[in-house]
Amino acid sequence: MRTTFTGVPGLSSTPEVAVVVDVMRAFTVAAWAFGRGAERIVFAETLDEALDLKARHPGWLAFQDGPVVPGFDLANSPAQLRSLDVAGRTVVQKTTAGTTGALAAAGARLLLCASFVVAGATAAVLRRERPAAVTFVVTGEDGRAEEDLACAEYIARLVADGSAGAEPFVERARDSGGAARLAEGLRLGWEGIHPEDVPLCLETDTFPFAMVAGREDGHLVLRPVDAG
């Protein structure tokens, strides 16, 4: 399996198979939503689109990153998500990095969204599909986010060697700028950040499913998929 690691600006063409990685925090939040029973996640391109979708579909929830925005149900916090009832619900998600990266790769034949909590399951899907080439989209910092690159490289290593250890990759993420910014935001009392967010984002294989995105009714929709 040939692997390419790139940021969103480096997507000059649509890859055949893409793994879009956002560790802190979009696709950790998405995995936790599915782990708590959410039915699907609809990606929105803008905050206004997210709120419009929520308004037009009673019962839908809307998540965004940064400080809590009026009308949204949750900022992009996996720890805060644990206190929200999402069972059977559709979630609309808009984030600066993760959902933007997924939308940029939306034409891929197979589009996986990943973080450490679903790394093993994501690798299992790739081993099952056996693509000739995979493009890993590192969404943070225009492709320079160390936590996302570490996770992408861990998944690629797992495809080649299912017994590969996670700790060197997790350690890189723990020391990353993304983790430092969340810690600094917590220290400064920013809204939408929980003390357990970084530890939850650094967990590996918390969930047994991968997350696959595809077009449904004109929207890019993410769903959990059994990795077996």
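Bear in mind the structure is a predicted one, so any value in this text is a computation, not a measurement. Residue numbers count from 1 along this sequence.
Contact of the L220 side chain with the R215 side chain is registered, since non-hydrogen atoms from C-beta on lie closer than 4.5 Å. Side-chain contact between R223 and E39 is present, with at least one heavy-atom pair separated by less than 4.5 Å. Here the side chains of L81 and L74 are in contact, with some heavy-atom distance below 4.5 Å. Side chains of N76 and Q93 form a contact here, defined as non-hydrogen atoms less than 4.5 Å apart. Put simply, the side chain of L149 reaches to within 4.5 Å of the side chain of R172, judged on heavy atoms. Looking at L200 and E203, their side chains come closer than 4.5 Å, going by heavy atoms from C-beta outward.
Atom CZ of R56 is surrounded by more than 12 heavy atoms from other residues, nucleotides or ligands within 6.0 Å. Atom CZ of R2 is surrounded by 12 or fewer heavy atoms from other residues, nucleotides or ligands within 6.0 Å.
With values rounded to the nearest 0.5 angstrom, T95 atom OG1 is found 10.0 Å from R25 atom CZ. To the nearest 0.5 Å, the span separating OG on S163 from CZ on R157 amounts to 10.5 Å. Here NE2 of H194 is found 6.5 Å from CD of Q80. Values are rounded to the nearest 0.5 Å. In this structure, CZ in F43 is found 4.0 Å from CG in L222, a value given to the nearest 0.5 Å. Here the CG-CD distance, from L202 to E171, works out to 9.0 Å after rounding to the nearest 0.5 Å. Annotation: the span from E147 atom CD to F169 atom CZ amounts to 15.0 Å, rounded to 0.5 Å.
Using modelled atom types, no side-chain atom of D197 and backbone atom of S77 make a donor-acceptor pair closer than 3.5 Å. Judged purely by atom type and a 3.5 angstrom limit, D85 uses its side chain to pair as donor or acceptor with the backbone of A87. In this structure, the side chain of T139 engages the main chain of V21 through a donor-acceptor pair within 3.5 Å. Judged by distance alone, with hydrogens and angles left aside, the side-chain atoms of E45 form no donor-acceptor pair with the main-chain N or O of D48 at under 3.5 Å. Without hydrogens or angle criteria, D65 side chain to T96 main chain gives a donor-acceptor distance under 3.5 Å. With hydrogens and angles disregarded, no donor-acceptor distance shorter than 3.5 Å links the side chain of D73 to the backbone of L61.
For the residue pair T6 and T135, the shortest heavy atom distance occurs at CG2-CG2, 3.7 Å. Residues S115 and D22 approach most closely at CB-O, 3.8 Å, considering heavy atoms. The two residues L111 and A102 make their nearest non-hydrogen contact at CD2-O, 3.7 Å. Scanning both residues, V125 and A210, for their nearest heavy atoms gives CG2-CB, 3.7 Å. Contact between R89 and G59 at its shortest, heavy atoms only, is NE-O, 2.6 Å. Of all non-hydrogen atoms in G165 and P168, the two that sit nearest each other are O-CD, 3.9 Å.
F207 and W32 have perpendicular rings, their planes meeting at more than 60° on a 0 to 90° scale where under 30° would count as parallel. A tilted orientation is assigned to the rings of Y154 and F116, their planes being inclined by 30° to 60°.
The pair R187-E184 meets the salt-bridge criterion, since a charged nitrogen lies less than 4.0 angstrom from a carboxylate oxygen. Salt bridge status for E167 with R174: present, with a side-chain N to carboxylate O gap under 4.0 Å.
Linking Ile, Leu, Val, Met, Phe, Trp and Tyr whenever their side-chain heavy atoms come within less than 4.5 Å puts V17 and L158 in one cluster. At a threshold of 4.5 Å between side-chain heavy atoms, the hydrophobic network of Ile, Leu, Val, Met, Phe, Trp and Tyr places V68 and L53 in two separate groups. A single hydrophobic cluster is seen to contain both I41 and V118, as judged by linkage of ILVMFWY side chains at heavy-atom distances under 4.5 Å, directly or through other members. The hydrophobic clustering, which links ILVMFWY residues whose side-chain heavy atoms are closer than 4.5 Å, places V42 and V29 apart. Put simply, V20 and V212 are part of two different groups of oily side chains (I, L, V, M, F, W, Y) that touch within less than 4.5 Å, one to the next.
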Derivation of the side-chain contact (heavy atoms from CB on, under 4.5 Å) call for E129 and R109: CA-CA 11 Å; E129 294 292 323; R109 175 183 63 80; 4.2 Å; yes

Under the side-chain contact (heavy atoms from CB on, under 4.5 Å) criterion, do T122 and F27 qualify, and how do the steps go? CA-CA 12 Å; T122 303; F27 296 146; over 6 Å; no

Stepwise side-chain contact (heavy atoms from CB on, under 4.5 Å) test for R181 and M24: CA-CA 10 Å; R181 282 189 294 276; M24 297 184 187; over 6 Å; no

Worked check of side-chain contact (heavy atoms from CB on, under 4.5 Å) between H57 and T90: CA-CA 9 Å; H57 298 88; T90 291; over 6 Å; no

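Partner V137 forms a side-chain contact (heavy atoms from CB on, under 4.5 Å) with one of L112, D148, L11 and no other, that one being L11.
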